[in-house]
There are 2 protein chains.
Amino acid sequence: MLTETRSRIIASAIEVFNEDYSAPLQKVADNAHVTRRTLHRHFKDRNELVAVCEREMEVSCKKAMITAINSSNEPLVQLKNMLLAGIDCGAKYSFFHKLHQREGHTHTKKNKDCADYDFIYNSFTNIITALQKSGVINEKMTVQWIQNLHAGIINSTVNVSDTGKTSKSNIKNFAWNSFIKGIAP
Amino acid sequence: MLTETRSRIIASAIEVFNEDYSAPLQKVADNAHVTRRTLHRHFKDRNELVAVCEREMEVSCKKAMITAINSSNEPLVQLKNMLLAGIDCGAKYSFFHKLHQREGHTHTKKNKDCADYDFIYNSFTNIITALQKSGVINEKMTVQWIQNLHAGIINSTVNVSDTGKTSKSNIKNFAWNSFIKGIAP
DNA sequence: ACTAAATGTCTCAAATTTGTGACATTTTAA
DNA sequence: TTAAAATGTCACAAATTTGAGACATTTAGT
């Protein structure tokens with residue numbers, strides 16, 4: 001079966017489930033411009049689709065974030081690239097973040113996905129701490145708040161993009177500006 | 001029937017529907033610590049519950065926002081109070097904002113709710129424009145971005161509050177700091 | 001143009017969600 | 001304490017969603 005259709009369905013499902021986790025599959029199918037029958041040919045059932053979406057998010061967000069972390073030794077550059085990577089991932093990143101924050105989601109180190117998420121989170125924490133020490137970031141703000149702001153700003157860019165009234169590169173500029181100035185001392 | 005139960009169900013529904021619009025009513029009932037049977041005694045059907053939630057959001061968010069707007073003639077004070085009011089409304093405000101942004105939601109001036117939302121939005125725009133002219137806010141940023149950032153930061157506070165690791169007043173400080181510095185020139 | 005792969009259409013049974021009746025239990029207020 | 005109000009429990013039909021079979025139509029590659 002066509003990989004293109006498959007990935008279109010996955011992208012559609014991530015978009016839809018991101019803001020309506022229990023949405024009927026018809027909605028996902030419509031959004032992907034396929035019939036529900038085609039959707040079911042690609043994915044055995046709802047659970048499989050959800051699982052594949054989660055995998056896709058894990059893999060691609062993780063990859064983007066780790067690339068960003070490895071892009072430099074400069075914490076400020078790393079932080080900026082993590083934000084831009086999140087924006088590029090779009091709804092995928094919003095969902096990814098939500099998923100690991102959800103209550104009921106038991107974070108275990110045995111779960112490889114959680115371990116990877118923790119690695120990213122810890123890297124983020126180290127970057128923030130380093131920048132706080134060097135006086136680039138407000139020391140009074142908690143890492144928790146900064147991480148939520150980070151995810152919140154990425155989410156805002158997803159919403160602005162949906163309306164399509166502002167260009168992608170403008171959005172990225174605004175986002176980075178608002179973020180870094182928003183956490184400055 | 002007890003008003004207390006009724007409003008608990010409404011609050012629960014707003015919370016649940018905010019992040020999962022198609023969630024089964026069982027989930028709402030559980031969240032409100034009542035049986036589904038009780039939920040149905042208070043609300044004829046799903047549509048009625050959703051409608052009541054929307055009304056509740058409209059009324060209470062609108063009230064809070066208009067109070068904030070009228071709290072001062074100083075644009076900066078107005079802006080701050082609008083943010084704090086949004087934070088106090090919590091999930092209610094997130095949902096309220098989403099609702100009026102949704103594609104498919106036809107914004108007509110005939111619909112009183114939309115007219116009121118437009119009034120709030122226009123006031124927000126005027127405040128931003130005034131602050132841009134007086135050099136308090138970055139003139140390059142679009143009102144659309146600033147409005148999304150505003151909603152995004154409010155949403156971040158909802159997520160942080162859920163974890164309960166940071167105090168409410170700290171959250172408000174962080175939020176206002178991040179917001180106003182994030183849009184500074 | 002032809003063939004195979006992919007998707008669409010229509011249909012239907014199974015599973016889930018929804019809404020309600022009947023009656024038991026708990027809560028509230030006099 | 002007692003009667004009424006509110007909620008819980010169980011059971012059940014209606015509505016919706018889900019998943020899959022059978023066959024028609026479209027699309028892609030040769």
Side-chain angles (χ1 to χ4, degrees), chain A residues 1-60 91-92 95 98-99 102-106, chain B residues 1-57 59-60 91-92 94-95 98-99 102-106:
Chain A
M1 290 193 265
L2 279 187
T3 319
E4 197 273 330
T5 307
R6 186 185 159 85
S7 50
R8 190 148 38 83
I9 294 172
I10 296 172
S12 163
I14 290 175
E15 257 182 52
V16 171
F17 291 155
N18 181 40
E19 59 169 42
D20 186 2
Y21 194 73
S22 305
L25 295 178
Q26 185 67 62
K27 207 168 162 183
V28 175
D30 289 346
N31 194 244
H33 303 290
V34 293
T35 21
R36 203 163 54 79
R37 191 65 188 84
T38 297
L39 188 152
H40 277 298
R41 282 205 186 90
H42 284 270
F43 305 96
K44 191 175 125 277
D45 58 17
R46 188 190 186 90
N47 288 341
E48 185 177 304
L49 177 59
V50 170
V52 171
C53 286
E54 292 184 355
R55 186 111 315 272
E56 162 63 19
M57 290 175 344
E58 291 293 344
V59 171
S60 88
K92 237 180 254 187
F95 205 174
K98 258 188 216 169
L99 208 71
R102 246 215 257 305
E103 48 185 332
H105 174 77
T106 45
Chain B
M1 291 195 262
L2 281 187
T3 319
E4 198 271 330
T5 307
R6 185 185 159 85
S7 50
R8 191 149 35 84
I9 294 173
I10 296 173
S12 162
I14 290 176
E15 258 182 53
V16 171
F17 292 155
N18 182 40
E19 59 167 43
D20 186 1
Y21 194 73
S22 304
L25 295 177
Q26 185 66 62
K27 206 168 163 183
V28 175
D30 289 347
N31 194 245
H33 302 290
V34 294
T35 26
R36 202 164 54 81
R37 190 65 189 83
T38 298
L39 187 152
H40 275 110
R41 282 206 187 89
H42 285 269
F43 305 95
K44 191 175 123 279
D45 58 18
R46 187 189 187 91
N47 289 342
E48 185 177 305
L49 176 58
V50 169
V52 172
C53 286
E54 293 185 355
R55 185 111 315 272
E56 162 62 20
M57 290 175 345
V59 171
S60 87
K92 236 179 255 187
S94 292
F95 206 174
K98 259 189 217 171
L99 209 71
R102 246 214 257 305
E103 46 184 333
H105 174 76
T106 44

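We name chains A, B, ... by the order of the sequence lines, and we start the count at 1 in each one.
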Exercise for the section: Please report, rounded to the nearest Å, how far the C1' atom of D/dT7 is from the CZ atom of B/Arg6. Expected result: 16 Å

Practice task
Find the distance A/Phe43:CZ to D/dA20:P and express it as a whole number of Å.
Solution key: 14 Å

Handout entry: Phosphate OP1/OP2 of D/dG8 contacted by B/Arg37 side-chain N/O (<4.0 Å)
Key = no

Practice task
Specify the separation, in whole Å, of atom CZ of B/Arg36 and atom P of D/dC12.
Solution key: 15 Å

Exercise for the section: Among B/Ile14, B/Asn18, B/Leu99, find the one that has a side chain to side chain contact (heavy atoms under 4.5 Å, CB included) with B/Ser94. Expected result: B/Asn18

Practice task
Let me know the distance between CG of B/Asp45 and P of D/dT16, rounded to the nearest Å.
Solution key: 11 Å

Exercise for the section: Take the protein atom CD of A/Glu48 and the nucleotide atom C1' of D/dT18, then report the distance between them rounded to whole Å. Expected result: 14 Å

Fill in the blank from the handout: Between CD of B/Glu4 and C1' of D/dA5 the distance, given in whole Å, is 15 Å

Fill in the blank from the handout: In whole angstroms, the gap separating P of D/dA14 from CG of B/Leu25 amounts to 20 Å

Completion exercise
Of the candidates C/dT18, C/dG8, D/dT18, the side chain of A/Arg46 sits closest to D/dT18

Handout entry: Presence of A/Thr38 side-chain N/O under 4.0 Å of C/dT7 phosphate oxygens OP1/OP2
Key = no

Exercise for the section: Kindly indicate whether the side chain of B/Arg41 and the base of D/dG8 share any N or O donor-acceptor pair separated by less than 3.5 Å? Expected result: yes

Donor-acceptor contacts, no H, no angles, side chain residues 21-29 of chain B, under 3.5 Å, sequence neighbours left out:
{"unit_1": "B/Ser22", "atom_1": "OG", "unit_2": "A/Asp20", "atom_2": "OD1", "d": "3.2"}
{"unit_1": "B/Ser22", "atom_1": "OG", "unit_2": "A/Asp20", "atom_2": "OD2", "d": "2.7"}
{"unit_1": "B/Gln26", "atom_1": "NE2", "unit_2": "B/Asp30", "atom_2": "OD1", "d": "3.0"}
{"unit_1": "B/Lys27", "atom_1": "NZ", "unit_2": "B/Asp20", "atom_2": "OD2", "d": "3.1"}

Problem - Greater than 12 external heavy atoms within 6.0 Å of A/Glu58's CD - result: yes

Practice task
Examine C/dT9: is either OP1 or OP2 under 4.0 Å from a nitrogen or oxygen in the side chain of A/Thr35? Give yes or no.
Solution key: no

Handout entry: Nearest-Å distance for atom pair CD/C1', residues A/Gln26 and C/dC10
Key = 14 Å

Problem - Short side-chain N/O contact to C/dT20 OP1/OP2 from B/His40, under 4.0 Å - result: no

Practice task
Kindly say whether A/Thr3 contributes a backbone atom to a donor-acceptor pair with the side chain of A/Ser7 at under 3.5 angstrom?
Solution key: yes

Exercise for the section: Would you tell me if any nitrogen or oxygen in the side chain of A/His33 comes within less than 4.0 Å of OP1 or OP2 on C/dT7? Expected result: no

Completion exercise
Scanning both residues in full, the closest heavy-atom pair of B/Lys44 with B/Glu48 reads CB-OE1, 3.1 Å

